[in-house]
There are 2 protein chains.
Amino acid sequence: MTREAENQDETEGSGNARGGIQALDAALVVLRALAEFDGPVALIDLARAVSMPSSKVHRYLASFIHAGFVRQANRSGRYELGPLSASLGIAALGRNDFVNQAADAMPDLSEQTGMTVLLSVWGSQGATVIRWCRAPSPMVTSFGLGSNMPLLTSASGRVFLAWMPRPVISARLNLEVERAVEAGLSWPDLDLSAGSVDRLIAKIRGEGFASIDGRYVPGLRAIAAPILNWQGEAEASVTMISTSEQILSAAHPAVRQLLDFTQSQSSARSWKPAGD
Amino acid sequence: MTREAENQDETEGSGNARGGIQALDAALVVLRALAEFDGPVALIDLARAVSMPSSKVHRYLASFIHAGFVRQANRSGRYELGPLSASLGIAALGRNDFVNQAADAMPDLSEQTGMTVLLSVWGSQGATVIRWCRAPSPMVTSFGLGSNMPLLTSASGRVFLAWMPRPVISARLNLEVERAVEAGLSWPDLDLSAGSVDRLIAKIRGEGFASIDGRYVPGLRAIAAPILNWQGEAEASVTMISTSEQILSAAHPAVRQLLDFTQSQSSARSWKPAGD
DNA sequence: AAATGTATTGCGCATCGTGCAATATACATT
DNA sequence: AATGTATATTGCACGATGCGCAATACATTT
């Protein structure tokens, strides 16, 4: 195998990274690159992104598809992450994370409050719903597991807006503002100036929770609060959904219950720095 | 590389699965096996689980660790999924959004079958049509986007009846039964006893799809199947409408196409362990 | 219909993955 | 503490197999 000069950081000259398999290393680079794209990717683009011949990438993708980690969109071409990647992520999240503890406790919260509760984390595409606990009460379910919530107009997203390091969310924030401006959108409690966003952030942090009233999605109200790590950054967001206007008030018992819940969960262990 | 007999389903004799890389196939089997363990795994156990030599598995793991998909707990011992697996999964979750994906693929299904296809989710008023893909064939229908379908007497509704958590639908079910009783309605294949409903649910789940014949809405036949999420709950329902009586038979090709469609859109548990 | 762009696939060479077994290391027992 | 056992890690040599190139198939566009 005519190995190319794609060694990234190791001092090895003889082989690849200590004791690994070269083909696998290259393949994982491809997989990671695929994950970093926003949507379906053409083979050529993916190959360019990783600086490999198309045929090489294609063979990797064939194996990934065979295993279920990747799926090709239509008949013609583009590749995207497959269901097994999602399963892998769910398994990874459920390992030693706060996610498990929070998810285990969510049914209780849902039952006590009679509301639908969902748990989301910050992914490359924004706030992503990873757990979902339905309440018996009627409720609009136009989104489900894996939904990406908007940063500005969802309670879950606003939690990350307020408690995520600015650099992490800035790209997403710019994207959403840009799109809103292009679409000519305007919102009840938020214009698109930087000052308005900062004021919103300050308000959310001050109150300790974020909310969305029925003016964005008619009839839908939600409150959300962060699960914080010891650095005060949001690791996850817990959201409660209701059709009642009243939960938006800080005096409503649901707010108290939500904050109790997230604060008790915040003491759990959090993300550990990458191994490597 | 002394290749072992790890192909079990392909007819290929020369290589492995169509155009893939053997080492990568084997490595992904390992990763998948790792994900299926509950917690940290010892190398030996993982090797046994996939029937490979420890050294082989160890080299794969070295590459996975190097890429960040796997972490080893301490200096010595056990392996677990790493942060990159979580990132990958979150990205995949967003990309495998059932509703949008199904909606994107609906035109194809409509074209292949020549039938009108609609997509519904569970809303506060019951099954709610959110996408609508008309077939060229003329068809008079009185409902459109946002219509609420009955739980008992629509194919879409029956899907939710069968694949939705009982608490979620119970209120709606009671309401419909109550109203039917008050109105003195009676239906061809369903009386209003609890047992009858349970029998209907069992039948639908057994067949994998729900149907409505022309006796409820004269001249209108429909079949519907669920798009299931990771929890096995119905995330959405895909319905095909026809005026022909024949589609109600499970032998009709449209049923096959519908089930293929929904299963491909669901988070398939049907991924076979690729390796040996 | 021609043309362009892309995905897919033979093919032969030599690179590199593999199995075995030796070694290092951690853990349990006496 | 020392020994023993079990597991993780690593050389080594062979030859199977992954790789790049280029031809082909496929699809979409002008």
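Order of the sequence lines sets the chain letters (A, B, ...), proteins ahead of strands, with each chain counted from 1.
If you take CG of L43(A) and P of dA25(D), they are 19 Å apart, rounded to a whole angstrom. To the nearest angstrom, P of dG5(C) lies 10 Å from CD1 of I44(A). Rounded to an integer number of Å, the gap from L24(A) CG to dC19(D) P is 11 Å. Whole-Å rounding puts the M52(A) CE to dG18(D) P distance at 15 Å. Summarising the geometry, the separation between CG on L61(B) and P on dG17(C) is reported as 15 Å, rounded to the nearest angstrom. Straight-line distance from the NZ atom of K56(B) to the C1' atom of dT9(D): 18 Å, rounded to whole Å. Look at CG on D45(A): it is 8 Å from P on dT6(C), rounded to the nearest Å. R48(B) places its CZ atom 7 Å from the P atom of dT7(D), with the value rounded to the nearest Å.
Between H58(B) and dA8(D) there is no side-chain N or O to OP1 or OP2 distance below 4.0 Å. Checking the phosphate oxygens (OP1, OP2) of dT7(D), no side-chain nitrogen or oxygen of Y79(B) falls inside 4.0 Å. The phosphate of dT18(C) (OP1 or OP2) has no side-chain N or O of Q22(A) nearer than 4.0 angstrom. Residue Y60(B) has no polar side-chain atom (N or O) positioned under 4.0 Å from OP1 or OP2 of dG17(C).
The backbone N or O of M106(B) sits nowhere less than 3.5 Å from a side-chain atom of S110(B) that would complete a donor-acceptor pair. With hydrogens and angles ignored, the 3.5 Å screen pairs a side-chain donor or acceptor of S63(A) with a backbone N or O of I21(B).
Between V29(A) and D25(A) the shortest side-chain heavy-atom distance does not fall below 4.5 Å.
The residue among V41(B) and R59(A) whose nearest nucleotide of DNA chain D is located toward the 5' end is V41(B).
Between F160(B) and W122(B), the ring planes are tilted. Angles from 30° to 60° get that label.
The side chain of S55(B) approaches dT10(D) more closely than any other nucleotide in the set dC19(D), dT10(D), dA7(C).
Base pairing of dG5(C): its partner is dC26(D), meeting the Watson-Crick or G-U wobble criterion (both donor-acceptor distances under 3.5 Å).
With respect to the salt-bridge test (charged N to carboxylate O, under 4.0 angstrom), the residues R32(A) and E36(A) do not qualify.
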